[in-house]
Amino acid sequence: MTNPLPTGATIGILGGGQLGRMLSVAAARLGLRSHIYEPGANPPAADVAHATTTAPYDDAAALTAFARSVDLVTYEFENIPTEALDIIEAITPIHPNRRALGTSQDRLVEKNFLQGIGLNVAPFADITDAASLDAAITTIGTPAILKTRRFGYDGKGQARLKSPQDAATALADMAGAPAILEGFVSFTAEISIIAARNPQGEVACYDPGENIHRDGILHTTTVPAKIPARLRTDAVLLAAKILNTLDYVGVMGVELFVTPQGLIVNEIAPRVHNSGHWTQNGCAVDQFEQHIRAIAGWPLGDGSRHSDVTMENLIGKDMDKVPALAREANCALHLYGKVETKAGRKMGHVNRIT
Ligand code: AMP
């Protein structure tokens, strides 16, 4: 893509959740339109998008019509079926590209990629059966985590092994799905860096945020992360290396473990990321606008942090706190308009300027 997308153009977004919703709002602010493709009814993004297609990812006719109605396609989640992408890509460009998506969809491919470009990852091994798991436990040791190669998110599809005796139960938890064993990293903190790259090859990174998880789900992200300047620089450099190698266009979230030996890459997400929501109230240009700018071939915006922020997710019953949060000073409320409140479901978040 050489020419920037003009205002009035339409961006297709695969997935109609909160990320698609916030991308649509950002696109609208830049005078662009968005068209959501989502199988489920009442997607949060449909409230704010110009158009919505409600159809499954195996509906070739709906995918074709969707692709023809937009100027380019992006996505808010990784697990999009390959066949759907093939149909779309024959008609219109997809950003971030298929290589980035393919790399992040499979933990084994992802680990090999990251290691191949010289980055540190947890010790890992491909697990196909009980024998390969036993062999991996011998080399990697315990504690360790067995993770499905595909379709894992928010800590799902994972089993912890405290000792080699846990092998059989952990393997049963995978229900026959291809998996990897990862050595347990004794980290001092978890941070993430949100990075952006445009087709011209410009790269911009937000300040790394420090993440706290509860029950496997992100609870808070705080900026600035309490890490030495040296590690902040390392995070920026390694993110830029990942984006450049993938010839990436868009925003990516890179999750990192901080250890006494330096940074270890946990995983990459080829999309806007929950741990980047603080940018909405901490920067002139947030991660959603930055993603739209990047995929539209616009100059990247100013993502320097003007405020210290703590982002807190509102999950399930946290919605009961909304009346009190609405009265709180220096607290920006972001609700996703989800019809049904369920335990473990991300309903919104707040950004507290600290
Ligand atoms: P993931 O889905 O891979 O991001 O894992 C979810 C969470 O589990 C991470 O944010 C960490 O808190 C923890 N975790 C995952 N992998 C490891 C590991 N190899 N060592 C220690 N903790 C881990």
Side-chain angles (χ1 to χ4, degrees), residues 19 76-79 100-101 103-115 119-127 133 136-137 139-164 166-167 170-171 173-175 177-195 208-222 225-227 235 238-239 242 252-278 311-313 315 344 346 349:
L19 301 180
E76 61 145 27
F77 72 115
E78 291 94 313
N79 296 318
L101 198 56
T103 304
S104 67
Q105 277 175 338
D106 184 324
R107 290 186 193 274
L108 183 63
V109 177
E110 183 180 60
K111 287 269 190 299
N112 280 322
F113 164 75
L114 293 167
Q115 202 171 49
L119 304 182
N120 294 322
V121 295
F124 66 98
D126 183 13
I127 305 300
L133 180 55
I137 291 171
T139 42
I140 293 173
T142 51
I145 308 184
L146 191 62
K147 301 182 178 181
T148 54
R149 281 174 57 176
R150 298 173 68 92
F151 306 119
Y153 69 98
D154 285 345
K156 294 190 172 63
Q158 300 192 4
R160 299 203 173 195
L161 286 84
K162 290 201 183 89
S163 73
D166 295 335
L171 195 60
D173 279 0
M174 301 294 108
I180 63 167
L181 186 74
E182 269 185 45
F184 196 83
V185 177
S186 59
F187 52 79
T188 53
E190 288 188 83
I191 62 168
S192 52
I193 181 150
I194 309 296
E210 195 162 331
N211 300 324
I212 305 284
H213 295 87
R214 268 194 198 165
D215 303 324
I217 303 176
L218 183 67
H219 174 51
T220 58
T221 300
T222 301
K226 286 195 201 71
I227 52 170
L238 72 82
I242 294 169
M252 173 183 280
V254 182
E255 294 181 30
L256 302 162
F257 297 130
V258 180
T259 76
Q261 292 76 38
L263 298 177
I264 290 177
V265 186
N266 175 25
E267 61 182 9
I268 61 174
R271 53 172 171 78
V272 286
H273 198 259
N274 194 170
S275 66
H277 291 358
W278 68 268
M311 186 285 310
E312 182 179 335
N313 271 333
I315 295 169
K346 291 177 182 170
H349 65 273

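Start at 1 and go down the list; that is how both ligands and their atoms are numbered. Numbering of residues begins at 1 and proceeds along the displayed sequence.
- Considering only heavy atoms from C-beta on, L181 comes within 4.5 Å of L161 through its side chain.
- In this structure the side chain of F187 never reaches within 4.5 angstrom of the side chain of V258, judged on heavy atoms.
- For A122, no nitrogen or oxygen atom sits less than 3.5 Å from a nitrogen or oxygen atom of ligand 1, counting backbone and side chain alike.
- Short contacts between ligand 1 and R160, defined as distances under 4.0 Å to a heavy atom of the residue, involve ligand atoms 8 (O), 13 (C).
- Using a distance-only test at 3.5 Å, with no hydrogens or angles considered, no donor-acceptor pair links the side chain of T142 to the main chain of A144.
- Residues H273 and S275 come closest through the heavy atom pair ND1-OG, 2.7 Å.
- Summarising the geometry, atom CG belonging to L101 is positioned 9.0 Å from atom CZ belonging to F77; distances are rounded to the nearest 0.5 Å.
- The shortest N/O to N/O separation between I145 and ligand 1 does not fall below 3.5 Å.
- Each of the following atoms of ligand 1 lies closer than 4.0 Å to a heavy atom of E255: 4 (O).
- Summarising the contacts of atom 4 (O) of ligand 1 with T259, N266, T148, the nearest heavy atom is found in N266.
- For ligand 1, the atoms closer than 4.0 angstrom to any heavy atom of H213 are 10 (O).
- Counting heavy atoms under 4.0 Å from ligand 1, residue E110 does not touch it at all.
- When side chains are defined from C-beta on, L218 counts as touching M311, because their heavy atoms get closer than 4.5 Å.
- Residue-ligand proximity: G183 is placed with a non-hydrogen atom under 4.0 Å from ligand 1.
- One option in K147, R107, E182 has a heavy atom closer to atom 15 (C) of ligand 1 than any other, and that option is K147.
- The ligand atoms of ligand 1 that sit less than 4.0 angstrom from a heavy atom of E190 are 9 (C), 10 (O), 11 (C), 12 (O).
- Using a 4.0 Å cut-off between charged nitrogen and carboxylate oxygen, E182 and K111 count as a salt-bridge pair.
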